[in-house]
Amino acid sequence: MSLAKQYDAKSVEKKWYDYWMDHDYFSSTPDQRDPFTIVIPPPNVTGVLHMGHMLNLTIQDILIRRARTKGMNACWVPGTDHASIATEAKVVKKLREAGIKKSDLSREEFLKHAWEWKENYGGIILDQIKKLGASCDWNRTSFTMDETRSKAVTKAFIDLYNKGVLYRGKRMVNWDPEARTVLSNEEVIYKEEKGKLYHLKYFTEDKSAHLVIATTRPETLLGDTAVAIHPDDERYASFRGKKVIVPLVNRPVPVIQDSYVDIEFGTGALKVTPAHDPNDYDLGKKHQLEVIEIFEEDGSISPDGQLYIGKDRFKVRKEIVADLEEAGLLEKIEDYDHNIGRSERTNAVIEPRLSLQWYVNMKDISKKALEAVETDTVEFFPKKMKNTYRHWMANIRDWCISRQLWWGHRIPAYYVGESVYVGESKEEAYKKALVDHPELTMDQLIQDEDALDTWFSSWLWPISVFDGFENEHDINYYYPTSVLVTGWDIIFLWVARMIIAGYEWKNEFPFKHVYFTGMVRDKKRRKMSKSLGNSPDALALIENFGADGVRFGMLSCSPAGGDLLFDEKLCEQGRNFSNKIWNALRLVDGWEVDHNAVQPIENELAIDWMFSLTNQILEKVDTDFNSYKLSEALISLYSYVWTDFCSWYLEMIKPAYQTPIDPITVEKTKELFRYICTMLHPFMPFITEEVWQQVKGQESIDCILSQYPEVDVYDPQILKDVEFIKEITSGLRDLRNKNNIKPKELLHLYVQQDDVTEDLIKDPRKKALLSKMAFLADVSISSDAVENSISFIAGKSKFFIQHESEKDPKELLEEKQKELEYQRGFVASVEKKLANERFVNNAPSAVVNKEKQKLEDGMSRIKILEESIKELSAKL
RNA sequence: GAGUCAUUAGCUCAGUUGGUUUAGAGCGCUGCCUUGACAGGGCAGAGGUCACUGGUUCGAGUCCAGUAUGACUCACCA
């Protein structure tokens, strides 16, 4: 049965994924082999597959599949995280669309809806991951809120609490008024935005004088409890120790002096709102100022604000400006660009807010984690990420882990008044509480309303996916894992914390290597985002170019850590590559084998050459993998398969049209195909499995489990020899091109006599190969000039054919003269080096000899060019 | 404001401890090619003062200093 002209990725990919699954090839259990383990960076359960995931997953699959063919016990654990804010937001939105308000539901009712939502949509991304060909051990699929993972979270919390690492404190936090929860610094995005600077008048109590304060947030004056000036600022000397009146609310507040105030900025006078600005909070503490909280959780004004009660902060800003103007207390408004922090999830402007939260004291528990990276115990790729990591870890702040959400792990802390009791269950906490409060009833023990930050479960991931807090069996075998593949944007949120957790609970790092991928951007270097609409539909890409094509496209342009400018063309290139391999297979598949045919001698050489080259590539790919240069490895394989194997090798051994081929050549060629399939399999698993099945011969094993070849010794001389034959062939093709000689018209090639050409002519294998590739009737050495000839140079030797040049001799002469100039420049630079005594004396002899060889070859080329020019000039 | 990194062909990038015939690849571009694996193809070609200025060295795209431009991270002053 003949093969289809074009490769059909769609049917092939489904067929083999099902086949692999049916044979349980992805699943792993501990055995005597070395483990190679990766835990997936869990995508949000709300997520759909996007470009970042595809890059990330492709890389992980490449590493896993390669390890598998190298005989290791490869285990890739998939899963998702519960993404508390994102998921809760989605559920709230869905409920709202159905006419249900979250505030009308009890916690239990809401969670029922949330779980329902998770059951319906949570598996989507996992199915999409399968389409990409990911060879995850699906039996191990985990979810941060499933039973095992939840237990781990509770255990970790209690353990830290007992060690005294957790504490509860009132702090100024980043408050998201839309999600009504606290955010970590990492979840706030600062960006320059256009704003205004409002200049407001604060009068003294007797109204005799006023000072002017510049502020971007006039509405916060409702919470002002002081005005600050610099002690050295003589402009405000008369206000020292006095009180001024806060506009509109008419509250007298002290004028305090503090060197924190920047004399140069604005008017040099600062209004102080301790409840709603981190710096003001510190000032307030220092000067023992009153703290007035004027905002509700949703950003509206609270009764303590006195005015505008219940109105939203931005509405109030407009109104208060109008009211101030009317009262004559507004001096002027200036345009002013400043940084505004917004919630990464809801885009709401962050409101600094005082709040009682749970914190992890990071100082001590992060020490080992910093050291591990400093000493490369945990190695980062690319290395430069160490700097970023060090900077953050050295200045680490305490981690606020409580979130005012329902979807997530509820904090296992219970209160009796001010006393705190933690426990895996309410019963356990109750027992502890009874010690202090013998009269306590169960109902009087109140559990914390808040849930834990999602990262508080993610940081346990490399341990919890193996049930590492409860069960030794798997964790002892798989932990520490081999490599973590993730984006650099979550180096603090996730990577650093996992390393900390690893040392905290396993006393060992969670992964040996961390490979940071770049950001996927569009051609214009913009980040791919939903709002810009510049992100291609991942599944549509797979549909159009095949998973192999997309994997190729993602990889071929993604240096570690570097940004990746995604272009659909790259996937197209990948698809075309599949097609190329497919058609190479078709060629070989179509050959008629004559079992009595003798192998032509040029095939012998071609095969020797191709095997040598294969070993060279194997070596190169190994080196690239060791330093995670995956895209370089792929590019090497691409050019090895396309250029060397298809364009040269197959042409070398191809029998004449409708002529049968000898069995040895076919067998060797199939063997080469198998090498190609195994080497390329990690990158393009489907096409390689498909082709493998056609060429596997006696091998009963499938490509996915085929043994990765070891590098064998090879003869570099054979690579040089064939390189020379290729150079002559290309030179002659160019000559044909320029002189309108048909590509396949047989020619007689004359060769200038020297050591290299003599070797070429005398070796029948080389001569035969050259003749076949260059379409030669004959090759002969000629010391005499041949009449009416045109020539070219390959290496350092002259080659020519008897043919009247069709080119304008003048043009030809110019071309040769240009070339001569180049060669003279080249020779001059080499001569300069060799004339330098210090070079000849100091440089290693190998380098000096190389230079001498360069000089000799250059001189030889100059001589040939000079002769040609002389001949050409004579004709003019 | 502090720090990190980058600057090589029209575009995107390689270039491993300084020495690989005065720099490589892919895409794009130009010319030619179609019965025979593949137009999702073949053959060939053009295209670069390695950002700039100095320095170290026998030798610098590669090391050092400065300049310019850009990107990112962290911290943020009303």
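Numbered from 1 within each chain, the chains take letters A, B, ... in sequence-line order.
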Can you tell me how far P in B:rU53 sits from the matching atom in B:rG15, rounded to whole Å?
25 Å
Identify which nucleotide among B:rA78, B:rC58, B:rC76 has an atom closest to any side-chain atom of A:Asn279, counting heavy atoms from C-beta outward.
B:rC76
Is the ring pair A:Trp642/A:Tyr638 parallel, tilted or perpendicular, if the boundaries are 30 and 60 degrees?
tilted
Quick one: does A:Asn339 reach the base of B:rC76 with a side-chain donor-acceptor pair under 3.5 Å?
yes
If each of A:Arg824 and A:Arg838 is mapped to the nucleotide of RNA chain B with the nearest heavy atom, which maps nearer the 5' terminus, i.e. the 5' end?
A:Arg824
Whole-Å C1' distance, B:rU62 and B:rU22:
16 Å
Check the angle between the aromatic planes of A:Phe381 and A:Tyr628 and answer parallel, tilted or perpendicular using the 30° and 60° thresholds.
tilted
Please list, one pair per line, the donor and acceptor atoms closer than 3.5 Å that link side chains of residues 213-223 of chain A to other protein atoms, with sequence neighbours excluded.
{"unit_1": "A:Thr215", "atom_1": "OG1", "unit_2": "A:Arg217", "atom_2": "N", "d": "3.0"}
{"unit_1": "A:Arg217", "atom_1": "NE", "unit_2": "A:Glu219", "atom_2": "OE2", "d": "3.1"}
{"unit_1": "A:Arg217", "atom_1": "NH1", "unit_2": "A:Glu351", "atom_2": "OE2", "d": "2.8"}
{"unit_1": "A:Arg217", "atom_1": "NH2", "unit_2": "A:Glu219", "atom_2": "OE2", "d": "3.2"}
{"unit_1": "A:Arg217", "atom_1": "NH2", "unit_2": "A:Glu351", "atom_2": "OE1", "d": "2.9"}
{"unit_1": "A:Arg217", "atom_1": "NH2", "unit_2": "A:Glu351", "atom_2": "OE2", "d": "3.2"}
{"unit_1": "A:Glu219", "atom_1": "OE1", "unit_2": "A:Arg317", "atom_2": "NE", "d": "3.0"}
{"unit_1": "A:Glu219", "atom_1": "OE2", "unit_2": "A:Arg317", "atom_2": "NE", "d": "3.4"}
{"unit_1": "A:Glu219", "atom_1": "OE2", "unit_2": "A:Arg317", "atom_2": "NH2", "d": "3.0"}
{"unit_1": "A:Thr220", "atom_1": "OG1", "unit_2": "A:Arg217", "atom_2": "O", "d": "2.8"}
{"unit_1": "A:Thr220", "atom_1": "OG1", "unit_2": "A:Lys271", "atom_2": "NZ", "d": "2.6"}

Expressed as a whole number of Å, how far does the C1' atom of B:rG36 sit from that of B:rG31?
25 Å
With heavy atoms under 4.0 Å as the rule, sort A:Arg733 into base, sugar-phosphate or nothing.
sugar-phosphate
pair_partner(B:rU73), Watson-Crick or wobble, both distances < 3.5 Å, evaluates to B:rA2
Starting at the 5' end of RNA chain B and moving along, which residue's nearest nucleotide shows up first, A:Gln6 or A:Lys738?
A:Gln6
Taking atom CE of A:Met859 as the centre, does the number of heavy atoms from other residues, nucleotides or ligands within less than 6.0 Å exceed 12?
no
Rounding to an integer number of angstrom, what distance separates B:rA39 and B:rU21 when you compare their C1' atoms?
36 Å
When you compare B:rC63 with B:rG19, how far apart are their C1' atoms, in angstrom units rounded to a whole number?
14 Å
